[in-house]
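Convention: sequence-line order gives letters A, B, ...; per-chain numbering from 1. Worth knowing before you read on, the calculation uses all heavy atoms, side chains too, and leaves out hydrogens, waters and symmetry mates.
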Amino acid sequence: MIETFLDDLNPAQREAVLHTEGPLLVLAGAGSGKTRVITRRIAHIVARKLAKPSHILAVTFTNKAAEEMRDRVGELVGAKTAQDIMLTTFHAFCVRVLRAHIHRIGYRKDFSICGEGDARTLVRRILGDLDGVRETFSPQRLQSAISLHKNGCDRPPPFPVDDKIPADTEAKYRAWLPEFIGRYQSALRAANSLDFDDLLALTLELWRKEPDLLAKFQQHYRYVLVDEYQDTNRIQYDLLRAIAEPRRNLCVVGDDDQSIYGWRGAEPAHILAFDRDYPDARVITLDQNYRSTETILSAANAVIANNAERRAKNLWSTLGAGRPIEWIVAGDEEHEARAIMQWLTHIQKKTDAACGDFAVLYRSNLQSRPIEMALRQAGIPYVVVGGQEFFERAEVKDILAYLKLAANPRNETAFLRVVNVPRRGIGDAALHRIHDLCGNGSLSIWDASLQAVRRGLVEKNAAAGLESFHRIIETFRKRFRQPDAPLRAIAEDLLDAIAYRAEIGRTSRTPQQFEQRWGNAEAVLRAIEIHEQSAKAPSLAGFLDENALDGDDDRQSREKRREDAVTLMTIHSAKGLEFPFVFIAGCEEGLIPHDRSLRENGIEEERRLFYVALTRAKRHVTVFEALARNRFGRICMTKTSRFLGEIPSELVRRRVLAAREMVESAMTPMKTKPRRKRRPRPLA
DNA sequence: AGACCCAGGTTTTTT
DNA sequence: ACCTGGGTCT
């Protein structure tokens, strides 16, 4: 039994599995069987009875990764045993800890989790109260500054590089930022909400302030494993160190060359410094690749060798040389798209490959348009991965806001979103009055609104509206709290109580739109039902936690990927995946490396991104380049990405479908295409 | 409340 | 070129 976990491992993998005691760093190159090592290692610990399954903590970054890992571990040790392992994301783990213990540091246990969108709304609102700064700093920029700050990022938050901003503004900005963060925090606090970063930061704070509690966790988790270690940020790193401290059975697995989330606060430095922090750490490098041809690996190795900040490693495989990398030069992006379509068709004819064997990768989502058009015209099925629409839809947000209020009436964002949906005659005047009552934030907007009614501070109409709103929330708060409450049924009642179907009807312009939007509402109900059926202890709070942490991953996208269709996605979303045939579109300076990223994060992260793209391929890579590209409505000549030049030329076959001079000369006269006038919107 | 217009910006996006 | 957000007008 035990031997079977080791049989099909190479010596390095085997050592990584067997080295269970003490700190271990596994440098796992792309395609080197990283997941296999982690799952076997867990199975080994369980089978050898080194610890109970529940004493193992395995952390991933995404829910998807956690699920997959649980499945794979389940295949080895049985699904039932796999259930007991604490195998989750950082954030989900912290939510668990906080839901149980956060009262010890003065927070309420029924806090809401404030997603990225809600947080942005909050930033906007605070910014709205402040005069004179709104013009200079975008909410997005501030949000990312806040996040980097909260994650204990060492470097200063990026300051907008912009000629229009006078030189002394940066100093002012830096001086002012802490105050802004303070306001943001107290707004969150008043709303009894935590953002994603708080989940991590407060867990750490909790552990620091309550050493006895930390000790219990340390006692409990005997083995700690981390996947995608190159993506950890400062706080995550501190959390890991804290919990693994006494036993030091900390195993981290990652690849510094695939660190592509620096802009998110990930610090690849951690992987480079691991054996400085743990001098006795065993370091194992997995460099045998089981995925790609030797040609692909040589190209990838050559490219990444240009990075200085890395641990040197060279991937190798025994899968044969394979075919040279194809480099196709097209005229503009539409030409490129057609070339992609034709080349794909050509390969299919030669190899019998299915559509699902192809991925078209690009740096930026806007590149997908022309490619989609070309594929559609040719009748080639495709799926575009990415985009986060579902949870952005108004209906979905509305319903979730009601549910969030039922779980935590203090949730200010949710309150403001639906207090007047459907219309209850609560206008700006009433809301201002209420807002004034909140004062410095000591009173939540919910309580303030109660008081406003009680003290007759708002006009009759608004007061009546507020009272009915209060009643609905209170009613459903109670109902949801009943033990074994039928969540879906209650949620349906809630929609009835606010006549939401009619509301959608009223605000839809066409029957199709109505169907679509009501369909979204039903999708939320279905999601609740799924939670009800699959969760160990279903609850409203549990459902909301799951959804807050599960971003936009409605299961559809996952299932869609299975279908036989060409996959279109950004390189970022391709991390961790593999395809027989990979096309990389838009290999031009400015796109990859992206010029803005170049400015803010430096060249090396962009190079890693290109490296990730190359190493997704099993059999063959084709890189595409357009000589001219539409940029912000202007046609511009492009320059070949420097990364293409870094691939040894003997590995590449270049085909030029468009001559530079032709493209250049075609550019000047054709600036005015007959422009279609925009018609007035056709009514239903 | 809803329609309309203009200005600004425009990379990636695990949770 | 295109979308978003905010402001204004009806």
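To the nearest angstrom, P of dT11(B) lies 15 Å from CG of Leu609(A). When rounded to the nearest whole Å, the span between CZ of Phe61(A) and P of dT14(B) equals 13 Å. In this structure, the CG atom of Asp595(A) is 14 Å from the C1' atom of dG9(B), given to the nearest Å. Put simply, CG on Leu200(A) is 12 Å from C1' on dT14(B), counting in whole angstrom units. Atom CD of Glu333(A) and atom P of dA1(C) are 12 Å apart (whole Å). Protein atom CD of Glu604(A) is 22 Å distant from nucleotide atom P of dT12(B), rounded to whole Å. Remark: P of dC2(C) and CZ of Arg631(A) are 17 Å apart, rounded to the nearest angstrom. Here dA1(C) presents its C1' atom at 12 Å from CD of Glu334(A), a figure rounded to the nearest Å.
At dT11(B), one or more side-chain N or O atoms of Arg596(A) fall inside 4.0 Å of OP1 or OP2 (strictly under the cut-off). Checking the phosphate oxygens (OP1, OP2) of dG2(B), a side-chain nitrogen or oxygen of Arg423(A) falls inside 4.0 Å. When the side-chain nitrogen and oxygen atoms of Asn63(A) are compared with OP1 and OP2 of dT14(B), none of them lie within a distance under 4.0 Å. Contact check, Thr89(A) against dT14(B): no side-chain N or O comes under 4.0 Å of OP1 or OP2. The phosphate of dT13(B) has OP1 or OP2 within less than 4.0 Å of a side-chain N or O from Thr570(A). One finds no side-chain N or O of Ser597(A) lying less than 4.0 angstrom from the OP1 or OP2 phosphate oxygen of dT12(B). Dashed line: the shortest gap from a side-chain N or O of Asn601(A) to OP1 or OP2 of dT11(B) is not under 4.0 Å. Look at Asn233(A) and you won't find any side-chain N or O under 4.0 angstrom from OP1 or OP2 of dT14(B).
In this structure, Trp263(A) does not count as stacked on the base of dT13(B) under the 5.5 Å centre distance and 30° plane angle limits. dT11(B) has its base stacked against the ring of His594(A), the centroids being under 5.5 angstrom apart at an interplanar angle below 30°.
Using a 4.0 Å heavy-atom cutoff across all strands shown, Tyr261(A) reaches at least one base atom of the nucleic acid. Within 4.0 Å (heavy atoms only), Asn420(A) reaches sugar-phosphate atoms of the nucleic acid but no base atom.
The residues Arg363(A) and Glu606(A) are annotated as salt-bridged, a charged nitrogen and a carboxylate oxygen being separated by less than 4.0 angstrom.
For CZ of Arg96(A), the number of neighbouring non-hydrogen atoms (other residues, nucleotides, ligands) closer than 6.0 Å is 12 at most.
For Ser144(A) and Ser147(A), the side-chain atoms include no donor-acceptor pair closer than 3.5 Å.
With sequence neighbours excluded, no residue satisfies side chain to side chain donor-acceptor pair (under 3.5 Å) with Arg369(A). By the side chain to side chain contact (heavy atoms under 4.5 Å, CB included) test, Ala414(A) pairs with Ala401(A), Lys404(A), Leu405(A), Asn411(A), sequence neighbours left out.
Ring geometry for Phe469(A) versus Phe415(A): interplanar angle over 60°, hence perpendicular rather than tilted (30 to 60°).
Picking from dA1(C), dT13(B), dT14(B) the nucleotide with the shortest atom distance to the side chain of Asp231(A) gives dT14(B).
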